[in-house]
2 protein chains.
Amino acid sequence: MPATIRDVARLAGVSPSTVSRALSMPEMVNAATRVRVAAAVEQLGYQPNRAARGLITGRTGNIGLVVPDLANPFFASVTKGVQARARRSDTAVFVADTDEDVTAEVGLVRALSKQVDGLILCSPRSGDADLSAIAQDTNVVLVNRTAEGIPGITYDNEEGMRQAVAHLVALGHRRLAWVGGPVTSWSTQHRGIGLENAVADHGVELSRVGHFGPTYEGGMAAADQVVASGATAVITYNDLVAIGLLARLHARGISVPGDLSVVGVDDIAMSRMARPALTTVRLPKQEAGRIAVELLLALLDDPDSTVDTRGTLHGELIVRDSTGPAASP
Amino acid sequence: MPATIRDVARLAGVSPSTVSRALSMPEMVNAATRVRVAAAVEQLGYQPNRAARGLITGRTGNIGLVVPDLANPFFASVTKGVQARARRSDTAVFVADTDEDVTAEVGLVRALSKQVDGLILCSPRSGDADLSAIAQDTNVVLVNRTAEGIPGITYDNEEGMRQAVAHLVALGHRRLAWVGGPVTSWSTQHRGIGLENAVADHGVELSRVGHFGPTYEGGMAAADQVVASGATAVITYNDLVAIGLLARLHARGISVPGDLSVVGVDDIAMSRMARPALTTVRLPKQEAGRIAVELLLALLDDPDSTVDTRGTLHGELIVRDSTGPAASP
DNA sequence: ACAGGTACTGCAAAGGATTGCAGTGCGCAT
DNA sequence: ATGCGCACTGCAATCCTTTGCAGTACCTGT
């Protein structure tokens, strides 16, 4: 039904080869012919069949994106970024949501990898071994995680934590608490390390209250331990956790920031709508998606380049109403 | 590099045709041959090249999903539903985000339509004419909207509004306000109609305070007019708007639900985290995505069936803390 | 013993685009 | 006038799979 290259060729009075060349290597064809072809293309509304092209070039023009949970605004934003950048390069994006299921992740990646030129793995939960295996026979870019020999884009978690701690210390806080995310999360580990360093530099105390799900519920669950820790300020794995924490604190009648200051990470849209509006380390999310696509595209063009395939993005502390001066003891 | 059907054929000592048949029409091939082929497939890790198959069958095994804004939790949920259901049918999903841009929508759809078997348009902003044109040469399923001759899945907006109004009337409210969404939105129109009927049935007043963006900001902008309207309860286009409204009301020192009750629509995750937790009409979002895929798959199997290709989903009023008895005048 | 089935299996074409190689035609230099 | 080179164009093979048709071998019934 749709026009093929032969239809265009017939209409323009040339061979299919010429049409192909007129479109993809215009300098190789005579200017007069080129305009005839262009006219025929226009008239017929011809668009090359991607499957046929893919057969011969080995490239599909598609990439895959795997995220743990699309309903998490953080990943929704990254997805937007990926998608917008890919579109500019005429590349379509398959999106797959693993529902935070590690076992599903591996299978999904396998299935997807056959029909794309490359994969962007956003905050993969899989182990390093699985990741390496995947990267063996597929072009992979990691977001929010590093792994030996695989390009990727991450945030400078250490620096983000340093900003948060400096802010709290300046407000007079001396006893901080840290609510970690999933144990297997690369981000939670690095944020933990960054915190250690930051509190050491400032000579303040830090109590780690354990690992919780990266969700509202996780924050609710963490609240009581945070209060029990005696800290006057708490930093959480992400904003969702911070907002859950806020809710539980409110229910217990604990005032924020009067009794306790709260800092999140991510700056999702919800954070400025929280009450009190959340102080948080803003992570450029769409940016990460954009860069991931660029890394992948570069990798596709030159599969051997192993240098300079790592990107780091910086967070920015956004001070809102959930942090204030430390309560005098 | 990856194994082809010829490799499998050679290893199994049969012709490619037989391999193809052993895989897709097993009853046509001898049991003994079948196991030999299966073994070869297993050993080589063979997976049919989708592009080559697509070339001959005319089917890609892919579908496209177009949403206005992935960062809106409503659409993120629908996307999750689409994605999960499609996976079960071994179908991959292209996701495209139009950023609420009507003109981008048409172009995007055109580009996408060439490489998928069908398209799911979620809350399309395009006009009916454009929609019909698209549906001419592409298989399309609509979500959150109806159009002549195009299958789709929608919510029973009238009934949802009826539930909300009944709830408020039972609490003693007699003067309601309605904050509409985008003028071109099919949903806002139908919710408006449902409201008219409901208030007429109950013999209460309704003031429409106009149309606002389907966002937090839209809600903030609407708040003052709602207050000025003298209503004791307000129903908003969606939860995002309701939450924005809540924020502005709080800033003005207006108590919810003491002075004013607020009802939203959607029941996004954020709504139960709002303060006060939002009373809202819960819409089954992932369900809509799931059904849209099923509708599309059915359409692909039988492109001529025009009957029974409409689905309607029902909302459920979730009563939380943002609604209470009407203030005595 | 032979005709007619039955049950498999293989051949070859088709699907649309790309690309190495082989022309074709023209201009220019000698 | 002839030869050479250049610029452009076309032929045909190729990518991988599916499928209509034809072929083979064996079996059944008479």
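Note that the coordinates shown come from a computational prediction; the quantities given were computed from them, not determined experimentally. Proteins come first, then strands; the chains are lettered A, B, ... in the order of their sequence lines, and each starts at number 1.
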Inset, instruction - Return the residues of residues 54-63 of chain A meeting this criterion: a heavy atom under 4.0 Å from some atom of DNA chain D. Order them by number, or give none. - result: A:Leu55, A:Ile56
Inset, instruction - Tell me which residues in residues 18-34 of chain B put a heavy atom below 4.0 Å from DNA chain D, sorted by number, or none. - result: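 Of all residues in residues 18-34 of chain B, the ones placing a heavy atom under 4.0 Å from DNA chain D are B:Ser20, B:Arg21.
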Pairwise side-chain contact, [X] with [Y], heavy-atom cut-off 4.5 Å (strictly under):
| X | Y | answer |
| --- | --- | --- |
| A:Leu11 | A:Gln43 | yes |
| B:Leu65 | B:Ile63 | no |
| B:Gln286 | B:Arg290 | no |
| A:Leu297 | A:Ser89 | yes |

Inset, instruction - Scan for ring-ring contact (aromatic ring centres under 6.0 Å, His included) pairs involving residues 80-114 of chain A, sequence neighbours excluded, and state none if there are none. - result: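 Of all non-adjacent pairs touching residues 80-114 of chain A, those that pass ring-ring contact (aromatic ring centres under 6.0 Å, His included) are A:Phe94-B:Phe94.
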Inset, instruction - Mind jotting down which residue pairs meet the ring-ring contact (aromatic ring centres under 6.0 Å, His included) criterion with at least one end in residues 8-66 of chain B? Sequence neighbours excluded, please. - result: none
Legend entry - Nearest heavy-atom neighbours spanning B:Ser123 and B:Phe75: OG-CE2, 3.3 Å
Legend entry - Residue pair B:Ala71 / A:Ala76: nearest heavy atoms and the distance that separates them: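 Nearest pair, atom of B:Ala71 first, then A:Ala76: CA-CB, 4.3 Å.
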Legend entry - B:Leu70 and its side chain to side chain contact (heavy atoms under 4.5 Å, CB included) partner, picked from A:Val95, A:Thr79, A:Val78: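 Result for side chain to side chain contact (heavy atoms under 4.5 Å, CB included) with B:Leu70: A:Thr79.
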Inset, instruction - Could you tell me which residues satisfy side-chain contact (heavy atoms from CB on, under 4.5 Å) with B:Asn49, sequence neighbours excluded, listed by chain and number? - result: A:Leu55, B:Ala51, B:Ala52
Inset, instruction - List in chain and number order the residues that pass side-chain contact (heavy atoms from CB on, under 4.5 Å) with A:Asp117, two or more places apart in sequence or in another chain; answer none if no residue qualifies. - result: A:Arg59, A:Thr60, A:Leu300
Legend entry - Helix axis bend for the helix from C:dA1-D:dT30 to C:dT30-D:dA1 - C1'-based end axes, five pairs, 10° rounding: 50°
Legend entry - DNA chain C contacts among residues 6-17 of chain A, heavy-atom distance under 4.0 Å: A:Ser17
Legend entry - Residue pairs passing the salt bridge (Lys or Arg N to Asp or Glu O under 4.0 Å) test where at least one lies in residues 22-45 of chain B, sequence neighbours excluded: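 For residues 22-45 of chain B, and leaving out neighbouring residues, there are no salt bridge (Lys or Arg N to Asp or Glu O under 4.0 Å) pairs at all.
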Inset, instruction - With a 4.0 angstrom cut-off to heavy atoms of chain B, pull out the first and last contacting nucleotide of DNA chain C, in 5'-to-3' order. - result: C:dC8 to C:dG16
For residues 17-24 of chain B, dump all side-chain donor-acceptor pairs below 3.5 Å to protein atoms at least two apart in sequence or in another chain.
unit_1: B:Ser17; atom_1: OG; unit_2: B:Ser15; atom_2: OG; d: 3.4
unit_1: B:Thr18; atom_1: OG1; unit_2: B:Ser15; atom_2: OG; d: 3.4
unit_1: B:Ser24; atom_1: OG; unit_2: B:Ser20; atom_2: O; d: 2.9

Legend entry - Steps toward side-chain contact (heavy atoms from CB on, under 4.5 Å) verdict (A:Arg50, A:Asn62): CA-CA 10 Å; A:Arg50 285 184 166 235; A:Asn62 301 329; 3.9 Å; yes
Between side-chain atoms of residues 127-135 of chain B and protein atoms elsewhere (two or more places apart, or another chain), which donor-acceptor pairs fall under 3.5 Å?
unit_1: B:Asp128; atom_1: OD1; unit_2: B:Arg145; atom_2: NH2; d: 2.9
unit_1: B:Ser132; atom_1: OG; unit_2: B:Asp128; atom_2: O; d: 3.0

